[in-house]
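Throughout, a chain's letter reflects where its sequence line sits, starting with A, and its residues are numbered from 1.
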Protein chains: 2
Amino acid sequence: MAKKNGRQHAILADVARLADVSPSTVSRVLSGSAVRAPISEETRARVRAAAEQLGYYPNVNARSLRTQRTNMIAVMIADISNPFYHTITRAIQDAAFEQNFDVLIANTDHIHSYEQRFVEAIMRRPVDGVIMVPYNLTAADIEKLIDRTGVAVAVLAHRIEHPRIDVVYADDEGATTDAVRWLITEKKHQKIAFIGVNLSFKVGQRRYNGYRRALEDCGLRPRDEWFITGNFSYESGAAAMNALLDAPERPTAVFVCNDIMAIGALNVALERGLRVPEDIAIVGFDNIPATQYMRPELTTVAQFPHEIGTALSKALFERIADPQRPRQTIKIGCELIVRQST
Amino acid sequence: MAKKNGRQHAILADVARLADVSPSTVSRVLSGSAVRAPISEETRARVRAAAEQLGYYPNVNARSLRTQRTNMIAVMIADISNPFYHTITRAIQDAAFEQNFDVLIANTDHIHSYEQRFVEAIMRRPVDGVIMVPYNLTAADIEKLIDRTGVAVAVLAHRIEHPRIDVVYADDEGATTDAVRWLITEKKHQKIAFIGVNLSFKVGQRRYNGYRRALEDCGLRPRDEWFITGNFSYESGAAAMNALLDAPERPTAVFVCNDIMAIGALNVALERGLRVPEDIAIVGFDNIPATQYMRPELTTVAQFPHEIGTALSKALFERIADPQRPRQTIKIGCELIVRQST
DNA sequence: AAACACAATGCAATCGATTGCATTAAGAGT
DNA sequence: ACTCTTAATGCAATCGATTGCATTGTGTTT
């Protein structure tokens with residue numbers, strides 16, 4: 001069992017010695033590069049047997065140093081606890097698994113300094129590709145990373161245009177417009193409130209824009225007292241609904257820009273004795289699992305995080321394979337899921 | 001901007017050249033190992049300036065090859081989409097972030113071959129530590145990994161005893177006993193059903209044992225028709241409740257071994273016109289966010305995945321720092337969260 | 001029989017950093 | 001004046017695999 005010296009595991013040289021060939025040969029046999037250099041079938045067998053006998057595994061680290069490829073990608077997301085993000089992550093991991101890639105994951109919590117730290121980490125630890133959901137990072141930051149490391153990059157973002165960055169985005173603005181317009185034309189609502197988040201969040205801005213556009217398209221005027229901002233949380237959704245119900249004039253429908261707040265709003269409406277959807281209709285956004293558990297089940301706009309993750313990884317692996325390939329921009333649609341709350 | 005040759009980024013040798021010192025000196029200054037070897041303050045400054053000017057970042061890969069340390073840990077869990085696991089994961093990532101470690105994550109979906117593949121991956125890609133939630137892997141498998149790679153290991157598991165493996169476990173069996181006993185003694189239930197999962201799952205076995213023990217302790221006899229198994233899903237919980245309500249004699253309370261199934265059961269009960277908790281009380285397990293959104297809010301047993309993740313990382317990093325340290329076994333309790341469904 | 005092609009393999013440099021063991025110079029002790 | 005520390009730095013080997021460029025041997029072509 002003991003190898004040459006005190007090492008606890010076999011290295012390539014040990015295999016070479018046992019198989020009585022040179023290290024080069026072992027490498028060629030085991031790394032598959034032998035496809036381009038001929039090794040006799042007999043030698044191959046001997047090498048494989050020796051490797052097997054010694055329980056040899058190549059050291060990926062050493063290999064990467066030499067080949068400049070790591071078989072590893074990094075993923076930067078806001079928060080793995082959030083269903084939207086972990087579903088994306090899961091899709092990426094599955095794609096990577098298939099390609100025999102390992103996946104590094106970092107959470108940023110939307111914090112700028114964490115995003116920067118991620119970039120720095122990638123500066124030192126070579127990876128073949130990076131998937132990011134940037135919040136504060138600009139195209140310039142990412143470009144610097146690419147210039148220095150040559151890494152392949154795919155991002156989930158709305159406004160990044162760069163020849164070497166593939167981008168995937170979800171059309172949540174358009175989906176919001178469609179949903180609100182549907183409330184107006186199909187469900188005959190005229191008084192529609194909007195529970196959003198601070199407009200400094202791009203996502204907040206986009207969805208609010210979508211809402212405004214639907215109203216305008218249908219000739220309705222937005223009212224200030226029907227635009228309330230929360231902070232993504234259940235409690236803030238509940239508070240927003242309370243405010244709405246206490247307003248001089250109550251809306252008949254409310255579009256909420258994420259499901260958690262929508263559920264908070266729904267429960268408040270129910271607890272205050274309103275019937276949903278008869279007295280007030282509610283639409284959420286994200287289609288998290290809990291929306292189906294509610295009674296009434298929550299109508300919501302589904303994003304397709306799994307598709308997003310798949311698209312991101314597909315783009316990334318294509319770019320890893322061919323760094324020169326022209327950039328792709330992929331739009332993933334959203335879909336209104338009509339359930340009982342409207 | 002152009003470095004020595006076609007390389008796109010500076011390497012240690014470039015810095016050495018610019019600062020007019022040897023590579024050794026640069027390394028000592030930048031890697032902090034200079035603590036043990038004296039470098040004059042003036043030289044230090046020169047090196048730092050040169051590094052700064054060139055935008056130099058050390059190549060972690062090369063460093064790892066030499067030092068045998070990677071500043072990277074790997075996490076093997078069942079499924080990042082599951083709140084229990086991703087909360088654990090998040091705690092681990094936060095701990096790693098603080099220690100400046102990167103985190104590799106792999107999902108196994110409880111599949112044996114995926115677990116094995118993970119182990120193989122760690123055989124080739126050196127990491128300093130591994131955190132696992134093994135389902136099929138045995139202590140022997142893990143021991144082999146340790147023997148070969150010397151990696152530090154911490155696991156979330158109930159029956160692994162090994163001098164070089166730290167283990168953390170949640171006492172869900174005891175918690176189940178406590179919860180069921182509470183239903184009997186405090187809530188005066190005599191007819192308590194159990195919706196579980198296949199007993200070949202260890203988790204299913206443990207919680208069922210806990211349930212049985214509570215009944216026995218209180219002198220109650222378990223009844224076959226009140227033990228129904230599902231497959232963790234909402235639908236299977238709903239089906240189980242339907243079966244229970246169609247049984248010749250209805251139970252007055254039901255303990256469900258995860259929240260998703262409990263929610264399915266709850267909704268069925270409500271839809272069939274029963275009042276919860278008056279006609280039937282329901283207790284879930286896990287304390288997922290949705291339990292608080294339900295009406296009635298679901299009573300459930302909380303596990304503390306964040307604490308589990310923290311304990312796992314703490315044990316792991318201690319072992320990385322001192323591989324010889326005696327093993328730790330840490331029990332994380334569970335807690336019954338009484339809400340409206342009981 | 002000379003020249004050549006090609007299959008099969010080995011040699012040695014290389015990837016980029018770290019570190020044990022010198023080496024040099026300057027000051028301290030006797 | 002001579003030996004001894006000690007501070008400051010450099011040399012060169014090393015981590016473990018990959019790969020461009022030989023080299024050797026065997027069969028083919030002319």
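Using a cut-off of 4.0 Å between Lys/Arg side-chain N and Asp/Glu carboxylate O, Asp79(B) and Arg90(A) are scored as salt-bridged.
Val21(B) comes within contact range of the sugar-phosphate backbone alone, with a heavy-atom separation under 4.0 Å but no base atom that close. Using a 4.0 Å heavy-atom criterion, one finds that Thr43(A) contacts the sugar-phosphate atoms exclusively.
Considering only side-chain N and O atoms, Gln68(B) lies under 4.0 angstrom from the phosphate OP1 or OP2 of dG16(D). Phosphate proximity of dT9(C) to Ser40(A): present, with a side-chain N or O under 4.0 Å from OP1 or OP2. In this structure, Ser27(A) does not reach the dA17(D) phosphate: none of its side-chain N or O atoms is under 4.0 Å from OP1 or OP2. Close to dA17(C), at under 4.0 Å from its OP1 or OP2, lies no side-chain N or O of Tyr57(B).
Taking atom CG of residue Leu65(A) and atom P of nucleotide dT18(C), one finds them 12 Å apart after rounding to whole Å. Rounded to an integer number of Å, the gap from CG of Asp14(A) to P of dG16(D) is 9 Å.
The local environment of NZ in Lys144(A) is sparse, with at most 12 non-hydrogen atoms from other residues, nucleotides or ligands closer than 6.0 Å.
In this structure Ser24(B) satisfies the side chain to side chain donor-acceptor pair (under 3.5 Å) test together with Ser22(B), sequence neighbours excluded. Checked against side chain to side chain donor-acceptor pair (under 3.5 Å), His110(A) has no partners two or more places apart in sequence or in another chain. The ring-ring contact (aromatic ring centres under 6.0 Å, His included) search around Phe97(B) returns Tyr114(A), not counting sequence neighbours. Under the side chain to side chain donor-acceptor pair (under 3.5 Å) criterion, Arg48(B) pairs with no residue at all, not counting sequence neighbours.
For residues 136-160 of chain B, every residue pair satisfying the ring-ring contact (aromatic ring centres under 6.0 Å, His included) rule, not counting sequence neighbours, is listed here: His158(B)-Tyr169(B). Legend: side-chain hydrogen bond (donor to acceptor under 3.5 Å, both in side chains) pairs involving residues 65-78 of chain B, not counting sequence neighbours, sorted by first then second residue: Thr70(B)-Asp128(B). Note on residues 55-89 of chain B: pairs passing ring-ring contact (aromatic ring centres under 6.0 Å, His included), not counting sequence neighbours, are His86(A)-His86(B).
Distance from the side chain of Thr67(A) is smallest for dT19(D) among the nucleotides dG16(D), dG10(D), dT19(D).
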What does the list of N/O pairs under 3.5 Å between the protein and nucleotides 12-14 of chain C look like, with a distance for each?
unit_1  : atom_1 : unit_2   : atom_2 : d
dT14(C) : O2     : Arg66(A) : NH1    : 2.9

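Side chain Arg124(A) to base dG16(C): no donor-acceptor pair is found below 3.5 Å.
Recorded end-axis angle for the helix from dA1(C)-dT30(D) to dT30(C)-dA1(D) stands at 50°, based on five pairs per end and rounded to 10 degrees.
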